[in-house]
Amino acid sequence: MDILLNKRGNAWIMSQVLTIFVLSRVSIANSVPANFILGDSLVDTGNNNYIVSLSKANYIPNGIDFGRPTGRYTNGRTIADIIGQELGFEDFTPPFLAPTTVGSVVLRGVNYASGGGGILNYTGKIFGGRINLDAQIDNFANTRQDIIASIGAPATLSLLKMSLFAVVIGSNDFINNYLTPVVSAVEQKVVPPEVFVDIVLARFRLQLTRLYNLGARKILVANVGPIGCIPYQRDTNPAAGDNCVSFSNQIAQLYNTELRSLITELGANLEGSNFVYADVYRIVNDILHNYRSYGFENANASCCYAAGHFGGLIPCGPSSKVCFDRSKYVFWDPYHPSDAANVIIAKRLLDGDSKDISPLNIRRLATI
């Protein structure tokens with residue numbers, strides 16, 4: 001019996017030593033030990049590869065500048081990929097559903113984002129399978145339990161407290177819900193934009209609070225970009241001509257105004273929290289209006305295109321044509337920015353002033 005107890009004691013000591021070693025390696029390399037990402041196709045790195053869905057990107061020419069298709073909805077890296085690299089992470093944050101996202105890997109963070117996902121659970125139903133935010137937080141809760149089983153509750157809470165949580169979601173609640181052509185016509189007549197925005201934000205409040213209650217403290221929340229300017233919206237609203245679709249942008253701005261207030265409120269009321277509001281709308285709008293000064297030649301059409309005046313009617317796929325120089329296009333496909341645009345967005349979130357991201361940019365948030 002004594003021998004058995006000694007073996008168990010030694011095993012416990014070794015597990016604690018290993019835990020300290022792993023966490024110290026992460027912490028020495030980076031003031032943010034782990035990067036947890038929740039969101040939609042703007043930051044999905046392959047979760048939809050593992051579900052039955054019409055929203056997928058694990059085929060060419062997606063990933064053409066990444067080396068291969070990975071499930072990223074762009075030609076190269078996502079905004080979250082670039083931010084992770086800038087913060088010193090050696091590897092990209094892995095998708096939750098990948099079979100290799102197990103063991104000590106999760107100590108450096110997990111990506112739960114899903115193409116077609118939204119804040120509301122019925123958002124994106126036109127795609128069939130997708131992982132909406134409630135389910136993504138469920139998945140994070142499972143990861144949290146795995147980490148607790150690995151390193152214990154106190155070390156887990158310490159890890160989560162220092163980690164960065166990025167929440168990039170909301171666009172689909174408009175593009176593939178309230179603003180869906182034909183399908184949403186009745187809803188738009190019955191539910192005013194203000195009421196719909198309130199419904200979305202009421203749900204989002206509960207979700208962000210739950211994330212906090214699970215241990216998240218450094219929480220970046222991105223607003224909705226100028227969705228009326230994406231090629232898909234331009235081609236499905238031809239009356240706008242060469243202009244952005246004003247109604248879509250107006251509802252995005254309405255949502256963003258209320259979201260900013262929500263983030264401020266949560267930061268003030270949830271003890272020890274550091275909520276950050278990322279004004280992606282302002283950044284992307286600036287890029288679109290001053291695209292030539294950023295080195296772009298096209299700010300309204302898809303680089304990967306198949307149909308539509310702006311290449312916005314059919315998702316990027318194997319039969320699509322691809323522009324010669326991806327770095328000259330703001331948009332990779334009907335919905336998503338190119339790697340070149342993502343670099344600009346990411347760097348302004350990392351180092352931007354309070355007009356881009358408030359009250360702290362990501363580099364300052366990382367040091368808290």
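Positions are given from 1, in the same order as the sequence printed here. Small disclaimer: the values here were computed from a predicted structure and weren't measured.
At a cut-off of 3.5 Å, with distance as the only test, a side-chain donor of D81 or T78 sits close to an acceptor on the other residue.
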Donor-acceptor list for residues 267-275 side chains, cut-off 3.5 Å, not counting sequence neighbours:
unit_1	atom_1	unit_2	atom_2	d
N269	ND2	E265	O	3.4
S273	OG	L270	O	2.7

With a 3.5 Å cut-off and sequence neighbours excluded, list the donor-acceptor pairs that the side chains of residues 294-301 form with protein atoms.
unit_1	atom_1	unit_2	atom_2	d
Y294	OH	D286	OD2	2.4
Y294	OH	R348	NH1	2.9
N298	OD1	N300	N	3.1
N298	OD1	A301	N	2.9

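Panel note: side chain S184, backbone P181; no donor-acceptor pair is recorded below 3.5 Å. Using a distance-only test at 3.5 Å, with no hydrogens or angles considered, a donor-acceptor pair links the side chain of R217 to the main chain of Y212. N237 contributes no side-chain N or O that, together with a main-chain N or O of R234, makes up a donor-acceptor pair within less than 3.5 Å.
Under the salt bridge (charged side-chain N to carboxylate O under 4.0 Å, His left out) criterion, the residue pairs touching residues 328-347 are R77-D339, with sequence neighbours excluded. Within the structure, salt bridge (charged side-chain N to carboxylate O under 4.0 Å, His left out) contacts touching residues 147-165 (residues at least two apart or in different chains) do not occur.
Proximity of D351 to R364: side-chain heavy atoms (C-beta onward) are nowhere separated by under 4.5 Å. A heavy-atom distance below 4.5 Å is found between the side chains of Q233 and I230. Using a 4.5 Å cut-off on side-chain heavy atoms (C-beta onward), K125 and N176 make no contact. No side-chain heavy atom of L42 sits less than 4.5 Å from a side-chain heavy atom of T74. Side chains of I147 and V106 form a contact here, defined as non-hydrogen atoms less than 4.5 Å apart. A 4.5 Å side-chain heavy-atom check between N177 and Y122 finds at least one atom pair inside the cut-off.
With respect to V167, the side chain to side chain contact (heavy atoms under 4.5 Å, CB included) criterion is satisfied by exactly one of F204, F36, Y112: F204.
By the 4.0 Å N-to-carboxylate-O rule, D356 lies close enough to R282 to be salt-bridged with it.
Annotation: side chain to side chain donor-acceptor pair (under 3.5 Å) contacts of Y277 (sequence neighbours excluded): N223. Under the side chain to side chain donor-acceptor pair (under 3.5 Å) criterion, D173 pairs with T123, sequence neighbours left out. Qualifying ring pair (Phe, Tyr, Trp, His ring centres under 6.0 Å) partners for Y73, counting only residues two or more places apart in sequence or in other chains: H336. Legend: residues meeting ring pair (Phe, Tyr, Trp, His ring centres under 6.0 Å) with F310, ordered by chain and number and at least two apart, are absent. For N342, there are no side chain to side chain donor-acceptor pair (under 3.5 Å) partners two or more places apart in sequence or in a different chain. By the ring pair (Phe, Tyr, Trp, His ring centres under 6.0 Å) test, Y178 is found to be paired with F196, residues two or more places apart in sequence or in another chain being considered. Remark: D138 engages R210 in a side chain to side chain donor-acceptor pair (under 3.5 Å) (not counting sequence neighbours). Considering only residues two or more places apart in sequence or on other chains, F92 meets the ring pair (Phe, Tyr, Trp, His ring centres under 6.0 Å) condition with F66.
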Show your reasoning for whether salt bridge (Lys or Arg N to Asp or Glu O under 4.0 Å) applies to D44 and R72.
CA-CA 6 Å; D44 185 356; R72 289 169 170 81; over 6 Å; no

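With C304, the cysteine C316 has an SG gap short of 2.5 Å.
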